[in-house]
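Here you go, one structure.
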Amino acid sequence: MNCNDYSIIEQIAAKYNATIKHNEEMKQHTTFRIGGPCDVMIDINCEALLCELISECRKTGIRYFVIGKGSNLLVSDKGLRGVVLHLGSDFSSIRVDDDIIECDAGASLSGVCQAALENSLQGLEFAYGIPGSVGGAVYMNAGAYGGEMKDVVLSCRYIDGDEIKEMPVCRMGLGYRESIFADKNYCITSVRIKLKKGDKAEIKNQMDTLMQKRKDKQPLEYPSAGSTFKRPEGDYAGRLIEVCGLKGTACGGAEVSTKHAGFVINKNNATCSDVLGVIEKVKQTVKKETGVELHCEVLLME
Ligand SMILES: Cc1cc2nc3c(=O)[nH]c(=O)nc-3n(C[C@H](O)[C@H](O)[C@H](O)COP(=O)(O)OP(=O)(O)OC[C@H]3O[C@@H](n4cnc5c(N)ncnc54)[C@H](O)[C@@H]3O)c2cc1C
């Protein structure tokens with residue numbers, strides 16, 4: 001599709017003074033540092049703009065992609081044909097009211113954790129160090145160290161077609177790295193999180209401890225999208241990959257981390273095809289050697 005075909009989208013974005021980018025390299029917006037150019041990217045700056053753009057895209061059949069911090073994405077080397085709706089720093093306000101934090105979907109999870117700490121609110125310590133946006137975290141039901149978003153989310157606002165609605169957590173279908181938002185193609189615009197009053201020093205101590213664990217165990221010195229595979233029932237993908245002798249398995253610039261077998265890393269200018277090559281090799285070998293079928297946690301966007 002030629003850029004001119006996006007003129008209606010660009011007019012809407014201009015009306016809201018939103019930043020419009022053409023042929024933006026998606027590798028600049030993914031923690032994997034992988035992904036070719038997208039046709040158009042709009043930096044979302046308010047809920048009304050997001051709603052109008054999604055409604056227009058649906059009406060006209062223009063493909064659109066919602067992204068947050070791109071920390072769970074593997075984007076095609078060919079890039080994305082369509083409009084990328086980027087929920088980032090232009091859409092990231094965080095408001096604290098007693099024990100409730102309400103934030104725009106583009107707010108960083110670490111920023112929300114920081115706000116919780118500053119207000120002596122406990123419950124989000126598990127999320128400190130997960131490098132995504134709040135919208136992405138709810139969509140994925142992100143979790144770590146025994147906690148998950150499901151435990152702390154109260155409700156969210158979201159776009160269904162051209163309407164903005166509100167949903168309580170019990171209707172979100174939050175399970176292990178799954179939610180209703182994926183199935184229904186709903187876009188989350190803001191999230192309400194309920195925490196408990198706690199002791200600031202204890203909260204900080206827990207956050208620091210968990211961050212140190214990440215630094216010790218995870219290959220944070222290389223670009224990645226975190227755990228490549230979902231945890232198979234009763235086991236860990238990393239353990240299975242390690243016992244199959246797959247640490248260090250490489251394809252082009254992508255490699256199974258030698259520090260943590262659950263991570264495929266971008267070791268040296270890897271392409272999306274390189275990563276897919278490593279994923280395929282790992283899946284096949286683990287299936288052959290252990291009988292376990294691994295499923296990707298990382299989402300392919302193409
Ligand atoms: C080093 C590292 C460590 C990680 N550790 C963890 C961990 O401990 N636990 C964990 O669960 N994950 C972890 N992750 C993965 C990732 O950080 C999470 O999945 C995160 O929640 C993704 O958020 P995001 O904003 O980056 O989403 P993106 O990667 O931008 O998008 C992910 C999906 O969410 C959708 N999406 C994003 N925002 C919205 C929205 N507002 N409305 C609707 N859909 C939306 C996108 O369309 C896409 O399908 C890690 C990643 C890295 C790189």
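Hydrogens, waters and symmetry mates are skipped; everything else that's a heavy atom, side chains included, is used. In listed order, ligands and their atoms are each counted from 1.
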Is there a heavy atom in Tyr186 that sits closer than 4.0 Å to ligand 1?
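A heavy atom of Tyr186 does come that close to ligand 1.
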
Please determine if Asp98 and Lys197 form a salt bridge, counting it only when a charged side-chain N lies under 4.0 Å from a carboxylate O.
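Looking at Asp98 and Lys197, the cut-off is not met.
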
Would Asp99 and Lys194 pass as an ion pair if we require N to O under 4.0 Å?
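Salt bridge between Asp99 and Lys194, a charged N being under 4.0 Å from a carboxylate O: yes.
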
Closest protein heavy atom (residue, atom, distance) for atom 28 (P) of ligand 1:
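Checking every protein heavy atom, the shortest distance to atom 28 (P) of ligand 1 gives Gly70 N, 3.6 Å.
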
Return the residue, atom name and 0.1 Å-rounded distance of the protein heavy atom closest to atom 41 (N) of ligand 1.
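Sorting protein heavy atoms by distance from atom 41 (N) of ligand 1 puts Ile188 O, 2.9 Å first.
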
Taking the minimum heavy-atom distance to atom 46 (C) of ligand 1, which of Leu210, Asn185, Leu85, Val66 ranks first?
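It is Val66 that holds the nearest heavy atom.
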
In terms of ring plane angle, is the pair Tyr158 and Phe181 parallel, tilted or perpendicular, where the classes change at 30° and 60°?
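Perpendicular, since the angle between the ring planes exceeds 60°.
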
Specify the protein heavy atom at minimum distance from atom 29 (O) of ligand 1: its residue, its atom name, and the distance to 0.1 Å.
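Result for atom 29 (O) of ligand 1: Asn72 N, 2.9 Å.
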
Dump the intermediate steps for salt bridge (charged side-chain N to carboxylate O under 4.0 Å, His left out) on Glu56 and Lys59, then the final yes or no.
CA-CA 5 Å; Glu56 190 61 35; Lys59 206 165 75 193; 3.4 Å; yes

In ligand 1, which numbered atoms sit nearer than 4.0 Å to a non-hydrogen atom of Leu87?
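Counting from 1, the qualifying ligand atoms are 41 (N).
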
For ligand 1, indicate whether the residue Tyr139 contacts it via side chain, backbone, both or neither (heavy-atom separation under 4.0 Å).
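Only the side chain of Tyr139 comes within reach of ligand 1.
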
Just go through Ala144, Gly136, Ala137 and tell me whose heavy atom is the nearest to atom 27 (O) of ligand 1.
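Selected option, by shortest heavy-atom distance: Gly136.
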
Regarding Lys230 and Glu297, does a basic nitrogen lie under 4.0 Å from an acidic carboxylate oxygen?
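Looking at Lys230 and Glu297, the cut-off is not met.
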
Under a 4.0 Å heavy-atom limit, does Ala142 contact ligand 1 with its side chain, its backbone, both, or neither?
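For Ala142, backbone and side-chain atoms both sit under 4.0 Å from ligand 1.
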
For residues 60-73, which residue pairs qualify under side-chain hydrogen bond (donor to acceptor under 3.5 Å, both in side chains), counting only residues two or more places apart or in two chains?
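Sorted result for residues 60-73: empty, none.
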
